[in-house]
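Below is one structure, written out as C-alpha cells; the observations come after it.
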Amino acid sequence: MKNTKITARMDPELKNEAEELLADMGLNFSVWINIATKALVNERKIPFEVKASPFYSNENMNVLKTRYEEYKKGTSISHHKLLEDD
C-alpha cells in the first residue's frame, strides 16, 4: 500500500501540546490524522462537535460595538470585571 504525504500549518505551541498528549496515549500525529480521517470517512461527518466561539455571536458583537462607540465618544461608564482593581 502506497502512502501520501500531507502538509499542514499549525501554531507551534499547539503542535507541541498535541504531540505531548498523543505521546501519552502512545500515538503520534500521523496515527492521529489517520484515525480522524478514517472516522470522517466511515461516519461521513466530522468525528467531534464543531461550534462557533461565543465571542463572535451577534449578541456579543453588538455589545462590543456599542461599548467601542461609547469609548470613542468618551461616554463609556461600563467596566469589565477583568479590568477592575481588587
Side-chain angles (χ1 to χ4, degrees):
M1 182 162 130
K2 230 177 174 184
N3 289 321
T4 298
K5 183 177 179 178
I6 63 170
T7 303
R9 296 190 184 278
M10 181 180 295
D11 177 278
E13 290 178 27
L14 177 62
K15 178 183 177 275
N16 291 335
E17 189 173 342
E19 284 177 326
E20 288 176 12
L21 289 169
L22 289 167
D24 287 347
M25 297 175 203
L27 304 171
N28 60 39
F29 254 112
S30 183
V31 172
W32 165 243
I33 290 169
N34 278 290
I35 290 170
T37 303
K38 285 179 183 180
L40 171 70
V41 171
N42 290 338
E43 298 176 26
R44 306 212 40 86
K45 65 176 188 159
I46 295 175
F48 46 84
E49 185 178 7
V50 177
K51 55 185 172 180
S53 168
F55 180 83
Y56 295 103
S57 69
N58 287 336
E59 180 183 1
N60 196 47
M61 290 293 106
N62 289 335
V63 168
L64 292 172
K65 182 179 177 183
T66 300
R67 289 184 180 176
Y68 180 66
E69 292 301 322
E70 290 173 354
Y71 167 78
K72 286 193 325 188
K73 292 177 188 173
T75 60
S76 178
I77 57 170
S78 61
H79 298 282
H80 192 284
K81 63 183 174 186
L82 294 176
L83 299 177
E84 294 176 358
D85 292 332
D86 290 331

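No hydrogens, no waters, no symmetry mates; every other heavy atom, side chains included, goes into these values.
With respect to K72 and E69, a salt bridge is recorded, a charged nitrogen being found less than 4.0 Å from a carboxylate O.
Evaluation of the side chain to side chain donor-acceptor pair (under 3.5 Å) rule for K15 yields E19 as partners, not counting sequence neighbours.
In terms of heavy-atom proximity, D11 sits nearest to E13 at OD1-N, 2.9 Å. Between N60 and P54, the closest heavy-atom pair is CB-O, 4.0 Å. Here the closest heavy-atom approach between residue P47 and residue A36 is recorded as CG-O, 4.0 Å.
Under a hydrophobic-cluster definition in which Ile, Leu, Val, Met, Phe, Trp and Tyr are linked whenever side-chain heavy atoms come within less than 4.5 Å, directly or via other members, F48 and I35 are assigned to different clusters. Tracing side-chain contacts under 4.5 Å through hydrophobic residues (I, L, V, M, F, W, Y), one never reaches V41 starting from W32; they form parts of separate clusters.
Surrounding OH of Y68 are at most 12 heavy atoms belonging to other residues, nucleotides or ligands under 6.0 Å away. More than 12 heavy atoms of other residues, nucleotides or ligands shown are found within 6.0 angstrom of CG on N62.
Interatomic distance, CD1 of I6 versus OG1 of T37, reported as 6.5 Å (0.5 Å rounding). Between the CG atom in N16 and the CG atom in L21 there is a gap of 11.0 Å [rounded to 0.5 Å]. Here the straight-line distance linking atom CG of L64 with atom CD of E59 works out to 10.5 Å at 0.5 Å rounding.
Under the side-chain contact (heavy atoms from CB on, under 4.5 Å) rule, S30 has a single partner from I33, L27, N34, which is N34. Exactly one of R67, K65, M61 qualifies for a side-chain contact (heavy atoms from CB on, under 4.5 Å) with V63. That residue is R67.
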